[in-house]
**Student:** 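Let me begin by handing over the structure; questions about it come next.
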Amino acid sequence: MIMFSIRANNFSLEQIAESGQCFRMKASAAKVYTIISGDRYVKAYQLYDQITFSCSYKEYEDYWKKYLDLDSDADYIAIDKLINKSNDEYIKKAYAFGSGIRILKQDTWEMIISYIISQNNNIPRIKKTIEKICRKYGRLISEKDDIYSFPTPDMIDENTLEDDELGLGYRAEYLKNIISYIKEHPEYITTLELASYEKAVENLKGHKGIGPKVSNCICLFALHHTGAFPIDTHIKKIIAANYPDGFDSGYYGDYQGIVQQYMFYYDLNNVQEEDEE
DNA sequence: CTCCAGGGCAGCG
DNA sequence: CGCTGCCATGGA
């Protein structure tokens, strides 16, 4: 098998997989993570700061390096300094807990669909629904590992999205609308990727089923606008419990999206303590 | 049984 | 503008 290794700080496959920003990354019993994006996949294994990938150096350089945000080490050094010099004890705890998180650069089309599904939904069910969509419309890309691609727009028949097996509920109509729109405007995704953060958010919000939260998630996890700060139920809960005078995400400027992810991950995975008051 | 989940929309004022 | 009730689905 072709393999390739790198070393990295501020990087944890486990934390990224459990961070809730990606829905198709999963670990096998041997702590080997399968990372899937569009019609590609790679397996990765981490021992301390060494990460080994089941792909060639070229494939890593061409795609996975950027996908995993491993070309942005300087940003994570900068945010480490920014958090350490602040006096925000909650953020310091959240950062200490999840400092191996990176903001992935995921496929734009895949994130549009995934985050529309995510609304008023929970992570395990979001993952199941996306898996069903891939099996229903996607292509078998690994028989050995039983992996299906995320379908492209033309692989999806909008008229079957309401099938009970998918369990999309009222979200089926939202998907139908955006998929039809993208089929009629093939340049849409590229236009989004070239747009500024402000224009991308506004444009995304113009579609049914995409509001402030979903649009900011797409901006953060696909378009890599790390100044985006999606506010969901967890972030609201964190702010209510820890910031009686409100939370000024602007302090972290272009890195506030990364801070948001530390907060989210800490709230999601640090289950002991908390819940007093 | 109720409550909740990476919210958004329509319909108000 | 901001606020409120409703929206499908499934797991706890």
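In what follows, chains are A, B, ... by sequence order, proteins preceding strands, each numbered from 1.
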**Student:** Check salt bridge (charged side-chain N to carboxylate O under 4.0 Å, His left out) between E198(A) and all other residues, then give those that pass, not counting sequence neighbours.
**Tutor:**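 For E198(A), no residue satisfies salt bridge (charged side-chain N to carboxylate O under 4.0 Å, His left out) once neighbours in sequence are set aside.
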**Student:** Provide, to the nearest angstrom, the distance between the CG atom belonging to D163(A) and the P atom belonging to dT9(C).
**Tutor:**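 For the pair D163(A) CG and dT9(C) P, the rounded distance is 12 Å.
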**Student:** By nearest atom, which of the nucleotides dG6(B), dG11(C), dG8(B) is closest to the Q260(A) side chain?
**Tutor:**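 Nearest to the side chain of Q260(A) among the choices is dG6(B).
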**Student:** Assert yes or no for the condition that the ring centre distance of Y115(A) to F221(A) is strictly below 6.0 Å.
**Tutor:**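 So the answer is yes for these two rings.
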**Student:** Using whole Å, what does the distance between atom C1' of nucleotide dA8(C) and atom CG of D164(A) come to?
**Tutor:**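 In whole Å, dA8(C) C1' and D164(A) CG are 11 Å from each other.
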**Student:** Please indicate yes or no: is the ring centre of Y115(A) less than 5.5 Å from the centre of the six-membered base ring of dG6(B), with the two planes inclined by under 30 degrees?
**Tutor:**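 By the stated criterion, Y115(A) and dG6(B) do not stack.
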**Student:** Under 4.0 Å between any heavy atoms, over every strand shown, what does S19(A) touch: base, sugar-phosphate, or nothing? Just pick one.
**Tutor:**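 Touches a base.
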**Student:** Produce the list of close N/O pairs, under 3.5 Å, pairing protein atoms with atoms of nucleotides 9-13 of chain B; give distances to one decimal.
**Tutor:**
| unit_1 | atom_1 | unit_2 | atom_2 | d |
| --- | --- | --- | --- | --- |
| dC9(B) | OP1 | G209(A) | N | 3.0 |

**Student:** Say we look at dG8(B) and dG11(C): how far apart would their P atoms be, to the nearest angstrom?
**Tutor:**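 The answer is 24 Å between these two P atoms.
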**Student:** Can you check the F229(A) CZ to dG6(B) C1' distance for me, whole Å?
**Tutor:**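 Roughly 13 Å, once rounded to whole Å.
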**Student:** What is the separation between atom CG on L168(A) and atom C1' on dC7(C), rounded to the nearest whole Å?
**Tutor:**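 Distance, rounded to whole Å: 14 Å.
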**Student:** Going by side chain to side chain contact (heavy atoms under 4.5 Å, CB included), I258(A) matches just one of I103(A), I83(A), L220(A). Which one?
**Tutor:**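 That would be I103(A); it is the only one of I103(A), I83(A), L220(A) passing the side chain to side chain contact (heavy atoms under 4.5 Å, CB included) with I258(A).
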**Student:** Side-chain contact test, heavy atoms from C-beta onward, threshold under 4.5 Å: evaluate it for L168(A) versus T129(A) and give yes or no.
**Tutor:**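 Of all side-chain heavy-atom pairs linking T129(A) with L168(A), at least one is under 4.5 Å.
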**Student:** Answer with base, sugar-phosphate or nothing: what part of the nucleic acid does E173(A) contact at a heavy-atom distance below 4.0 Å?
**Tutor:**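 No contact.
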**Student:** Could you measure the distance from the CZ atom of F150(A) to the CD1 atom of I156(A)? Nearest 0.5 Å is fine.
**Tutor:**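 CD1 of I156(A) is found 6.0 Å from CZ of F150(A).
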**Student:** Side chain of Y170(A) only, please: which of dG6(B), dG11(C), dG7(B) is the nearest?
**Tutor:**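 Between dG6(B), dG11(C), dG7(B), the one nearest the side chain of Y170(A) would be dG7(B).
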**Student:** What interatomic distance, in whole Å, is found between C1' of dG10(C) and the corresponding atom of dC9(B)?
**Tutor:**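 The answer is 22 Å between these two C1' atoms.
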**Student:** Which one, dG6(B), dG8(B), dA5(B), comes nearest to the side chain of N120(A)?
**Tutor:**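 So the side chain of N120(A) is nearest to dA5(B).
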**Student:** Expressed as a whole number of angstroms, how long is the span from I178(A):CD1 to dG8(B):C1'?
**Tutor:**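 Value for this atom pair: 14 Å.
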**Student:** Check whether the ring centres of Y45(A) and Y33(A) lie less than 6.0 Å apart, and answer yes or no.
**Tutor:**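 Y45(A) vs Y33(A): aromatic centres not under 6.0 Å.
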**Student:** Check the phosphate of dT9(C) against T129(A), side-chain N and O only, distance under 4.0 Å to OP1 or OP2. Yes or no?
**Tutor:**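 It does not, given that no N or O in the side chain of T129(A) lies less than 4.0 Å from OP1 or OP2 of dT9(C).
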**Student:** Quick check for you: among dG7(B), dG6(B), dA8(C), whose closest atom lies nearest to any side-chain atom of R125(A)?
**Tutor:**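 Side chain of R125(A) sits closest to dA8(C).
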**Student:** Any base atoms under 4.0 Å from F221(A), or only sugar-phosphate, or nothing? Heavy atoms, all strands.
**Tutor:**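 Base, at least one base atom sits under 4.0 Å.
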**Student:** With rounding to the closest Å, how many angstrom separate the P atoms on dG6(B) and dG5(C)?
**Tutor:**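 My reading of the P atoms in dG6(B) and dG5(C) gives 23 Å.
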**Student:** Whole angstroms only, please: what is the NZ-P distance between K128(A) and dG10(C)?
**Tutor:**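 My rounded result for the distance is 10 Å.
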**Student:** May I have the distance from N122(A) (atom CG) to dA5(B) (atom P), rounded to whole angstrom?
**Tutor:**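 Interatomic distance, CG of N122(A) to P of dA5(B): 9 Å.
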**Student:** Does the distance from a Lys or Arg side-chain N to an Asp or Glu carboxylate O, for E61(A) and K66(A), drop under 4.0 Å?
**Tutor:**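 Salt bridge: no.
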**Student:** For a quick check of understanding: with a heavy-atom distance under 4.0 Å over all strands, which category does G20(A) fall into, base, sugar-phosphate or nothing?
**Tutor:**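 G20(A): base contact, heavy atoms under 4.0 Å.
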**Student:** Between E89(A) and K93(A), is there a salt bridge with N-O shorter than 4.0 Å?
**Tutor:**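 No salt bridge links K93(A) with E89(A).
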**Student:** Roughly, in whole Å, what's the span from CD1 in I126(A) to C1' in dG10(C)?
**Tutor:**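 Distance check: I126(A) CD1 to dG10(C) C1' gives 12 Å.
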